Amino acid sequence: MLQRYGWSDALQRQFSSYATLGLEPARVLVQQRGRYDIVTAGGERSATLAGKFAHDAADGGYPVTSDWVGVSAPTGEGDAIIRAVLPRTTTFTRREAGPGAPRGQVVAANVDVALLVASLNADLSLRRIERYLASTWESGAQPVVVLTKADMCDVVAERVAEVEAIAFGVPVHAISSLTGQGLEAVRLHLQPGQTAVLLGSSGVGKSTLVNALAGRQIMTVREIRDDDTGKHTTTHRELILLPDGALILDTPGMRELGLWDASAGVSTAFADLEALFAQCRFDDCSHRSEPGCAVRAALDDGTLEPSRWESWRKFQKELRFQHNKDDWQSRMETRRERVQKHKDGRARMKFKMKGGYDD
Ligand SMILES: Nc1nc2c(ncn2[C@@H]2O[C@H](COP(=O)(O)OP(=O)(O)OP(=O)(O)O)[C@@H](O)[C@H]2O)c(=O)[nH]1
Ligand SMILES: [Mg+2]
Ligand SMILES: [Zn+2]
């Protein structure tokens, strides 16, 4: 049973220490306000959290859909109790919206493939896809870009080319869940026992794609006439076992995907720029007006799109902002440095005015 949900020998070995505590392995299928649907070797059942999690509310401490957990499972009717979360092979973390200190929210775990879904309608945003790519590289999962609603778009090939130009070797597929176009190409990324997650704005057709892949109506999708309500149709994350053996995690649309500590992911997503930086004459080139700047040269001769450069700068600003915000100490450090620089500057100025050394 559990093998079908991705249980492996490696997980089994990892689990031995939990097994000695009398726990059974299980995977979280659905998570809704403190209640969970899980699958154990004996089948699906519901579960609640052990009390210790209430005190253990550290970032990412709670189990999420697609986590492997250790449960104590009473025989009979009662809920299983989740007592431990197994180490995650990959984590997809986003910035939690809202006031207060920024926190990372684990959106998906143990995901092998991330299907980054965007619609081929007028809203298609390369900048949004860049963000998803950066987060996916950071997560450790393999990205695949899926452009939906090809049946409604007259310029599919152009759009695909635009996305390929910012995705560097990441597969990009144009599909239609209505006509079936491109679904076979998507299926090739979904291997039995592997887990894929669907990520993308609300209304792009994630749940419709799940249904098309499953060949039946599993997820509720938006009625056409409700197309502009702006409401999320899918309200919770759900892990679904597809007929050909792959697992797919449907998620509610995310309008904003705040970056969470994704500096390494950003570097990978902007490999083209990293390559340019290596060619700048100065190692600490700020790419503003230095001589021998490869970025400036590429902008001038048109090989680098200004919008892509602008996008990278925004990412850097955001990462810097977040880093400063997260880390009070580093902020104090920056301030101390600034004060020190100011003092040094004034001291040098005085020194200069006094005439400096005679040498
Ligand atoms: N023409 C066309 N319409 C589609 C296609 N895929 C989805 N749609 C329509 O797009 C609307 C939204 O689809 P959903 O699958 O509910 O979108 P979602 O991404 O799951 O949205 P949330 O659950 O809110 O995040 C529905 O009315 C679908 O019928 C497609 O390939 N072609
Ligand atoms: Mg949905
Ligand atoms: Zn430069």
Side-chain angles (χ1 to χ4, degrees), residues 30 32 65 94 107-108 114-125 128 132 145-154 156 159-160 173-186 196-214 216-240 248-257 270 272-301 303-304 306 308-309 312-313 316:
V30 180
Q32 292 188 81
T65 300
R94 76 160 174 166
V107 178
L115 301 176
L116 311 180
V117 187
S119 161
L120 280 162
N121 65 16
D123 285 344
L124 182 68
S125 158
R128 196 176 301 137
Y132 278 117
V145 179
V146 176
L147 304 176
T148 58
K149 311 193 189 185
D151 54 284
M152 293 174 71
C153 176
D154 300 327
V156 172
R159 293 282 171 275
V160 170
H173 301 296
I175 68 149
S176 165
S177 297
L178 299 197
T179 68
Q181 174 190 345
L183 291 187
E184 282 317 307
V186 172
V197 65
L198 290 162
L199 297 167
S201 307
S202 187
V204 296
K206 298 181 295 298
S207 302
T208 311
L209 176 57
V210 169
N211 293 342
L213 291 168
R216 67 194 178 89
Q217 176 93 4
I218 292 181
M219 299 299 296
T220 307
V221 302
R222 186 177 303 188
E223 304 258 347
I224 305 275
R225 60 187 157 78
D226 287 349
D227 212 29
D228 272 339
T229 56
K231 261 199 240 131
H232 292 201
T233 308
T234 307
T235 52
H236 57 266
R237 301 181 204 122
E238 182 162 347
L239 188 63
I240 296 139
I248 195 158
L249 174 55
D250 194 7
T251 65
M254 290 185 286
R255 200 172 303 120
E256 244 311 301
L257 186 78
F270 288 86
D272 54 333
L273 294 179
E274 299 278 323
L276 280 179
F277 300 157
Q279 294 165 34
C280 290
R281 185 178 307 163
F282 301 112
D283 283 345
D284 61 347
C285 186
S286 71
H287 323 298
R288 275 181 246 272
S289 52
E290 286 90 337
C293 173
V295 173
R296 285 290 134 200
L299 284 169
D300 288 344
D301 69 17
T303 48
L304 174 60
R308 179 139 176 101
W309 176 235
W312 184 86
R313 297 199 351 157
Q316 296 308 313

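In this text the structure is predicted, and so the values were computed from the model without any measurement. Just so you know, ligand 1 is whichever comes first in the structure, and atom 1 is the first atom listed for that ligand.
Remark: distances from the non-hydrogen atoms of L178 to ligand 1 include one below 4.0 Å.
With hydrogens and angles disregarded, no donor-acceptor distance shorter than 3.5 Å links the side chain of S176 to the backbone of Q181.
By the 3.5 Å distance cut-off applied to N or O atoms, A150 is not counted among the residues near ligand 1. Checking only distances, D250 never comes within under 3.5 Å of ligand 1, N or O to N or O. The shortest N or O to N or O distance between V221 and ligand 1 is not below 3.5 Å. Distances between N or O atoms of T233 and those of ligand 1 include at least one value under 3.5 Å.
T179 and D151 are not linked by any side-chain donor-acceptor pair at a separation below 3.5 angstrom, with hydrogens and angles left out of the test.
Here the closest heavy-atom approach between residue R281 and residue P291 is recorded as NH1-CB, 3.8 Å. Of all the heavy atoms in V156 and A174, the pair that sits closest is CG1-CB, 3.5 Å.
Classification of the W309-H287 ring pair by plane angle, with boundaries at 30° and 60°, yields perpendicular.
Going from atom CE of M219 over to atom CD1 of I248 covers 10.5 Å, rounded to the nearest 0.5 Å. Taking CG of L198 as the start and CG of L213 as the end, the distance is 8.0 Å to the nearest 0.5 Å. From S119, atom OG reaches atom NZ of K206 across 10.5 Å, with rounding to the nearest 0.5 Å.
Under 4.0 angstrom from ligand 1, the non-hydrogen atoms of D151 all belong to its side chain. Only backbone heavy atoms of P252 (N, CA, C or O) come within less than 4.0 Å of ligand 1; its side chain stays farther off. When heavy-atom distances to ligand 1 are checked against a 4.0 Å cut-off, M152 comes that close only through its side chain, counted from C-beta outward.
Heavy-atom contacts of G253 reach the following atoms of ligand 1: 25 (O) (cutoff under 4.0 Å). Taking a cut-off of under 4.0 Å to the non-hydrogen atoms of V204, the atoms of ligand 1 that pass are 17 (O), 19 (O). Every atom of ligand 1 is numbered from 1 in the order shown, and the set under 4.0 Å from a heavy atom of S207 is 15 (O), 20 (O).
The Zn ion (ligand 3) is the vertex of the angle joining ND1 of H287 and SG of C280, which measures 100° to the nearest 10°.
A salt bridge links R308 to D272: at least one charged side-chain nitrogen sits closer than 4.0 Å to a carboxylate oxygen.
Metal site remark for the Mg ion (ligand 2): T251 contributes no N, O or S atom at a distance under 2.8 Å. With 2.8 Å as the limit, S207 counts as an N, O or S neighbour of the Mg ion (ligand 2).
The shortest side-chain heavy-atom distance between I240 and V210 falls under the 4.5 Å cut-off.
Closest to atom 7 (C) of ligand 1 by heavy atom, among T220, L120, T208, is T208.
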